[in-house]
Each structure stands twice: as structure tokens, then as C-alpha cells.
Amino acid sequence: MARLAQTAGLTDIQREILSTVRDFVDKEILPVATELEHRDEYPQAIVDGLKELGLFGLMIPEEYGGLGESLLTYALCVEEIARGWMSVSGIINTHFIVAYLLKQHGTQEQREYFLPRMAAGEVRGAFSMSEPALGSDVSAITSKAVKEGDDYLLTGQKMWLTNGGTSTLVAVLVKSDEGHTPAEVAAAPHRSMTTFLVEKEPGFGEVRPGLTIPGKIDKMGYKGVDTTELIMDGLRVPANRVLGGATGRGFYQMMDGVEVGRVNVAARGCGVAQRAFELGVSYAQQRHTFGKQIAQHQAIQFKLAEMATKVEAAHAMMVNAARKKDSGERNDLEAGMAKYLASEYCKEVVEDAFRIHGGYGFSKEYEIERLYREAPMLLIGEGTAEIQKMIIGRRLLEEYRLQG
């Protein structure tokens with residue numbers, strides 16, 4: 001096994017899980033990833049294999065049929081999967097965030113109803129915050145829920161749902177002003193947000209009365225996985241499907257989910273960067289110019305040195321953020337730093353590998369072309385670099401605030 005991105009202090013079980021996942025990636029994902037990606041084809045056989053391995057229940061507690069593993073174990077598995085094909089790690093991540101939201105914030109009835117089937121991969125999760133007009137400004141959402149008897153009627157349009165078509169459970173964030181005056185909502189719009197657990201049929205079109213999934217969004221990269229819109233028009237949801245059983249907590253629940261999601265995106269960046277380094281260092285030893293391997297040219301050695309250092313640094317920060325969360329401590333600073341660094345370094349390592357390939361990197365026959373289109377998504381997913389810097393800056397000022 002390569003020396004880069006090793007993790008000290010793992011248990012025998014963790015090492016066994018990671019070894020199994022790496023073997024699966026090498027045998028079942030890497031040989032078909034580029035072909036499936038170019039066809040924008042959903043990787044059903046790969047997903048079925050991950051379900052058999054139990055990865056859909058990796059962090060779900062054992063009492064609900066999961067493996068009960070840590071965020072660190074999960075992040076390291078995601079790193080391996082993203083090394084094979086980042087889109088597959090996206091399929092797992094959205095499912096994982098919904099399971100995490102249920103585990104941390106769901107009522108006992110909600111946990112007992114959903115988590116065992118999520119652990120088995122029978123129920124597949126997606127979550128939805130963004131809308132077409134708001135970007136990173138989550139507080140500006142306009143989708144709303146209106147109480148009607150024992151139910152709520154949901155109306156609005158959501159955007160950028162990963163697993164939007166294939167999922168059967170969507171955690172949807174909307175506004176519900178119930179219990180707050182207009183003045184209170186205007187002063188603190190986060191208080192008026194509620195997360196609803198919406199069950200639906202897989203597929204596109206009207207997947208249940210009042211809920212439509214229009215179709216897949218055609219993307220530059222991150223293909224295979226279905227990214228969609230979600231349109232609610234009088235969608236009726238019973239009150240027992242309010243996450244946690246009480247309205248007004250949705251923003252804080254979603255931010256908790258996004259926080260662990262940022263560790264996941266950092267792990268994806270690490271995995272893609274590792275694969276880009278592998279491709280670059282391999283090609284540099286196969287290609288000859290001026291009578292020797294290009295790996296023997298000092299300019300290429302410098303590039304490889306920089307790439308490997310970035311892979312190591314990003315991996316270390318990702319591991320630190322995951323371990324901080326596992327310890328029960330607040331980790332928004334570490335998660336923000338890890339996501340920011342890993343996504344930026346991933347972009348740089350992929351571009352350097354692309355440059356090492358020269359003209360062949362521009363050919364769709366070479367895997368680096370796919371990575372070059374996939375890496376930019378990580379700069380945006382779970383918060384842009386600018387959002388991460390805002391989080392990091394505010395937390396640093398909290399930690400280093402002057403006294404007096």
C-alpha cells in the first residue's frame with residue numbers, strides 16, 4: 001500500500017473495514033467509473049455492492065441494524081470511495097446526513113421507523129436546503145409550511161438535491177412561522193425554519209401528490225449521481241414527520257448535518273487528490289522526453305513533491321476534524337478548515353496531474369480528464385470557500401477575543 005495518507009491509531013476493525021472498501025474500489029469501481037461517468041449512468045451495481053458491504057448503515061447505531069462506527073471510520077471510507085469515483089461517495093453522503101439527522105435529532109418513533117431500513121439500504125436518503133434564488137443564504141429560503149389540522153401543507157421549490165430521483169426519504173428545510181411573531185421572525189429568521197421528513201417513491205415526475213422531481217440536472221462533472229430540483233405544491237405531510245417533533249429547530253438541525261457533511265466533502269477532496277497523484281506519478285514514469293522519463297526532470301519532481309505534500313496535509317486536517325467531532329467537542333472550526341483546505345488542494349493536485357499528462361490529459365481516454373471536471377464541485381458543495389472562511393474567521397475571533 002502506498003505511504004501517502006496513512007492514519008495512525010486505527011483499531012483492527014477500522015483497518016479491516018478500510019481494506020475491504022479499498023479492495024472493492026480497486027475491483028468494482030475504478031475499472032468502470034470513467035465509462036459510466038461519460039454515459040452519465042447511475043452506478044446501480046456499485047450501489048448494490050456497497051449495500052451488501054453494509055456501508056449504508058456504517059454510522060447507524062447497532063440497535064437499529066447498523067455498524068455503529070465513528071465519523072472517522074466513515075470519512076476514511078468516503079476517502080477511499082472518492083478515490084475510485086467521487087459521484088459514488090456523493091450517493092452515500094446524502095444518505096448518511098439524513099441518517100445522522102435522525103440519530104441526533106429524531107424522535108424515538110422516527111428513529112425506530114426509519115433507521116433500520118436506512119441501515120439495510122432499503123430507504124435511501126436525500127436532504128434539501130438550497131433554493132434556485134438563494135445560494136449560500138439559507139436564511140432567505142421562501143419554501144413554507146402551513147398548518148392545516150394535524151398536517152402541514154408544504155409549498156415551494158428546492159434546488160441541488162443529490163439523490164433527488166433515487167431517494168425515498170428527503171429531509172426538507174422550509175419556513176414555518178408557527179409560534180413566532182412577524183417581528184421575531186424578521187429579527188431572527190433562523191427561528192422560523194423546520195425540517196420535514198418527506199417520504200416518496202423513487203423516480204421522476206410526480207412522485208407523490210403535491211411533490212414533483214422534474215428530472216436530472218445536466219452537470220459539467222459529478223455525473224452518474226442524480227442531482228435534481230424538488231417542487232412542492234400543497235404537499236401534505238403529517239405533524240409526526242417534523243424532525244424531532246417540534247417546529248422552529250430546522251436551521252440548527254441542518255447546520256449540524258452540514259457540519260459532518262463538511263468532513264465528508266473534505267474526505268472526498270482527499271480521495272480525489274490521492275487518485276490524481278497516483279495517476280500523475282504513474283504517467284510521469286511511463287512517459288519519456290529528451291531520452292528519459294519525465295519523472296527524472298526536476299520540474300516534474302518538484303510538482304510531484306508539492307502534490308504529495310498537499311495530499312498529506314489535507315488528509316491530516318480531515319482526520320483531525322473527524323476525531324474532534326467523534327470526541328463530542330465542537331468542530332465547526334476544524335471542519336471548516338478541513339473542507340476549505342482539502343477542496344482547494346484537490347483542485348490544485350488534479351490540475352498538476354493534468355499538466356503532467358500534457359496533451360493526453362485533454363483526452364477523454366485518460367482518467368485525469370474526468371477528475372478535472374469533478375474537482376470543481378468540491379469547491380462549492382457544503383459551502384463555498386468564502387463561506388468556510390467566514391466560519392473560520394468568526395470562530396478564530398471567538399477563541400482569540402481580546403479581554404477588557
Worksheet item: Hey, are the side chains of Glu399 and Arg395 touching, using non-hydrogen atoms and a 4.5 Å cut-off?
Response: yes
Worksheet item: So which heavy atom on Gly210 is nearest to which on Glu206, and how close?
Response: N-OE2, 3.4 Å
Discussion item. Exactly one of Val260, Val263, Ile92 should register a side chain to side chain contact (heavy atoms under 4.5 Å, CB included) with Tyr74. Which one does?
Written reply: Ile92
Item to complete: Output, in order, the C-alpha distance, side-chain angles, deciding distance and verdict of side chain to side chain donor-acceptor pair (under 3.5 Å) for His315 and Thr7.
Response: CA-CA 9 Å; His315 176 83; Thr7 310; 2.8 Å; yes
Worksheet item: Would you say Asp226 and Ile213 make side-chain contact, with heavy atoms under 4.5 Å?
Response: no
Worksheet item: Judged by atom type as modelled, is there a donor-acceptor pair below 3.5 Å linking the side chain of Asn331 to the main-chain atoms of Ala321?
Response: yes
Worksheet, complete the sentence: So the salt bridge (charged side-chain N to carboxylate O under 4.0 Å, His left out) pairs with at least one residue in residues 373-390 (sequence neighbours excluded) are Glu37-Arg373, Glu369-Arg373, Arg370-Glu374
Fill in: Polar side-chain atom of Glu131 near backbone of Ser143 as donor-acceptor pair, under 3.5 Å
yes
Worksheet item: Is there a donor-acceptor contact under 3.5 Å from the side chain of Lys51 to the main chain of Ala120?
Response: no
Worksheet item: To the nearest 0.5 Å, how far apart are CD in Glu344 and NZ in Lys347?
Response: 5.0 Å
Discussion item. Side chains of Leu18 and Arg22, heavy atoms from C-beta outward: is any pair under 4.5 Å?
Written reply: no
Worksheet item: Can you check side-chain contact (heavy atoms from CB on, under 4.5 Å) on Ile91 and Thr162, steps first, answer last?
Response: CA-CA 7 Å; Ile91 293 170; Thr162 300; 5.6 Å; no
Discussion item. Rounded to the nearest 0.5 Å, what separates atom CD in Gln157 from atom OG1 in Thr142?
Written reply: 8.5 Å
Discussion item. Applying side chain to side chain donor-acceptor pair (under 3.5 Å) as the test, list every pair that has at least one member in residues 350-360; sequence neighbours left out.
Written reply: Glu351-Arg355
Worksheet, complete the sentence: Between the CZ atom in Arg262 and the CE atom in Met337, the distance rounded to the nearest 0.5 Å is 13.5 Å
Worksheet item: Taking atom types as modelled, is there a side-chain donor on Ser282 or Glu278 under 3.5 Å from an acceptor on the other?
Response: no
Practice prompt. Supply the atom-to-atom distance Met377 CE to Cys346 SG, rounded to the nearest 0.5 angstrom.
Written response: 9.5 Å
Discussion item. Check for me whether Arg241 meets the cation-pi criterion with Tyr113, that is, NZ or CZ under 6.0 Å from the six-membered ring centre and within 45 degrees of the ring axis.
Written reply: yes
Discussion item. Run Arg394 and Glu398 through salt bridge (charged side-chain N to carboxylate O under 4.0 Å, His left out) and show every step you take.
Written reply: CA-CA 6 Å; Arg394 288 170 182 169; Glu398 288 179 22; over 6 Å; no
Worksheet item: Between OG1 of Thr34 and CZ of Arg39, what distance do you get to the nearest 0.5 Å?
Response: 11.5 Å
Worksheet entry | Side chain Gln110, main chain Leu102, donor-acceptor under 3.5 Å | no
Worksheet item: In a check of side chain to side chain contact (heavy atoms under 4.5 Å, CB included) between Ser70 and each of Gln14, Arg323, Lys325, Met59, which one passes?
Response: Gln14
Worksheet item: Is it true that Arg83 and Glu79 have a side-chain N and a carboxylate O under 4.0 angstrom from each other?
Response: no
